[in-house]
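Quick caveat, the model's predicted, so the values are computed rather than measured.
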Amino acid sequence: MTDVAPGMLLLATPGLTDPNFVDSVVLLLNADDGGVLGVVLNRPSQVPVAEITEISSWGPTLTSPEVLFRGGPVSVEGAIAVALLRDEDDEPVGFRSVRGRLGIVDLDTPVALFEGSLVGMRIFAGYAGWDPDQLQGEIDRGDWYVAAGETGDLFRDDPTELWRDVMRRQPGRLAWHSTRPVDPDLN
C-alpha cells in the first residue's frame, strides 16, 4: 500500500457519501498485508465514559471531552483506546505502540499502571476496517485524501473542525478543498 501507514490520516473527500464516513478524519492504527484498521477522530458521542460500567474507571484518564467516540461501523459493541505516551521510553504494561508515542491501550489493564504515563487518551466504540486492497482501491477512486497526522489532531477539545483544519495545512491545491462548499454547483 502506498502512502498508508499507522499514524497517517484518511480524510473523506466530498465525493464519499457513505454516512459512516462523510466529513470524517480516520486515524490509521494498523496497515499491513492483513488489512487496515483505524478510528474516526471527529465523531464524539453524547455518552460519558463514566456511565459505561465496563470502562468507567478510565474516565479520569481521558482527554476532554470524556465521552465515547464513534470509531467506525465495525464492532461497535467493542472499544479501542488510543493514547499518547508522555515518554516513548516509559511504555507501561498494556500499551502497544502504533507509531512512536502513539499506541493502543488494553482496557483490561489496571488503570493504576498508566498513572503519569499518558499525555492523552480517547476511547472509541467500533473501528473502521478495510481488506488489504480495498482501501487502496478507495484511495485510487478518489474517496480519501491521505495526510500526515499530528499530535494535536488526536485530542482536540472540539473535533468538529478537524477535517477542515487538517486540509488547510496540506500542500498546494489540496488545501483549497478546505473551503469547498458542500455542493460546488451552487457557487
Side-chain angles (χ1 to χ4, degrees), residues 4-12 18-32 34-132 134-135 149-163:
V4 174
M8 299 291 292
L9 300 176
L10 297 177
L11 292 96
D18 180 335
N20 293 304
F21 297 110
V22 170
D23 297 327
S24 66
V25 178
V26 178
L27 170 66
L28 298 181
L29 300 172
N30 187 53
D32 58 26
V36 179
L37 178 136
V39 291
V40 178
L41 293 177
N42 57 339
R43 298 267 167 81
S45 75
Q46 298 299 312
V47 180
V49 168
E51 292 181 6
I52 304 169
T53 306
E54 296 83 4
I55 57 174
S56 62
S57 62
W58 289 96
T61 310
L62 299 178
T63 305
S64 180
E66 291 122 7
V67 297
L68 193 63
F69 277 66
R70 293 184 303 255
V74 181
S75 295
V76 295
E77 68 285 348
I80 294 177
V82 178
L84 191 66
L85 289 176
R86 189 169 306 285
D87 179 2
E88 191 173 350
D89 296 327
D90 182 24
E91 190 173 304
V93 171
F95 182 87
R96 183 178 65 85
S97 179
V98 168
R99 182 174 175 198
R101 297 183 309 138
L102 173 68
I104 298 172
V105 171
D106 179 351
L107 293 170
D108 290 330
T109 305
V111 177
L113 294 179
F114 284 86
E115 192 171 312
S117 295
L118 303 179
V119 172
M121 182 170 138
R122 289 247 160 94
I123 299 178
F124 299 86
Y127 64 90
W130 294 267
D131 289 333
Q134 180 185 5
L135 179 58
E150 293 182 359
T151 303
D153 299 334
L154 304 175
F155 304 115
R156 297 169 63 128
D157 286 338
D158 180 7
T160 57
E161 291 294 316
L162 180 60
W163 186 94

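Here V119 pairs with L84, R86, R101 under the side chain to side chain contact (heavy atoms under 4.5 Å, CB included) rule; sequence neighbours left out. Scored by the salt bridge (Lys or Arg N to Asp or Glu O under 4.0 Å) test, R156 finds D165 as partners (sequence neighbours excluded). Every residue meeting the side chain to side chain contact (heavy atoms under 4.5 Å, CB included) condition with T109, not counting sequence neighbours, appears here in chain and number order: D106, L113, F114. For E150, the side chain to side chain contact (heavy atoms under 4.5 Å, CB included) partners two or more places apart in sequence, or in a different chain, are D153, R169. For T160, the side-chain hydrogen bond (donor to acceptor under 3.5 Å, both in side chains) partners are D158, not counting sequence neighbours. A search for side chain to side chain contact (heavy atoms under 4.5 Å, CB included) contacts involving D89 returns D87, not counting sequence neighbours.
With values rounded to the nearest 0.5 angstrom, L154 atom CG is found 6.0 Å from L102 atom CG. Rounding to the nearest 0.5 angstrom, the gap separating the CH2 atom in W130 from the CG atom in L10 is 5.0 Å. Here the CZ atom belonging to R43 is positioned 12.5 Å from the OG atom belonging to S45, to the nearest 0.5 angstrom.
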Which donor-acceptor pairs under 3.5 Å do side chains of residues 20-30 form with protein atoms, sequence neighbours excluded?
{"unit_1": "N20", "atom_1": "ND2", "unit_2": "D18", "atom_2": "OD1", "d": "3.1"}
{"unit_1": "S24", "atom_1": "OG", "unit_2": "F21", "atom_2": "O", "d": "2.7"}

Expected list for residues 91-100: side-chain donor-acceptor pairs under 3.5 angstrom, two or more places apart:
{"unit_1": "S97", "atom_1": "OG", "unit_2": "G100", "atom_2": "O", "d": "2.9"}

Distance-only check: which donor-acceptor pairs under 3.5 Å involve side-chain atoms of residues 51-73, not counting sequence neighbours?
{"unit_1": "S56", "atom_1": "OG", "unit_2": "T53", "atom_2": "O", "d": "3.3"}
{"unit_1": "W58", "atom_1": "NE1", "unit_2": "L107", "atom_2": "O", "d": "3.2"}
{"unit_1": "T63", "atom_1": "OG1", "unit_2": "M121", "atom_2": "N", "d": "3.0"}

Notebook entry, point to check: Please walk me through it: do I80 and I123 pass side-chain contact (heavy atoms from CB on, under 4.5 Å)?
Noted result: CA-CA 6 Å; I80 294 177; I123 299 178; over 6 Å; no
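The two residues A31 and P6 make their nearest non-hydrogen contact at N-CG, 4.1 Å. Counting all heavy atoms, side chain and backbone alike, G38 lies closest to Y127 at O-CB, 3.4 Å.
Side-chain N or O atoms of W163 include none that pairs as donor or acceptor with a backbone N or O of L11 at under 3.5 Å.
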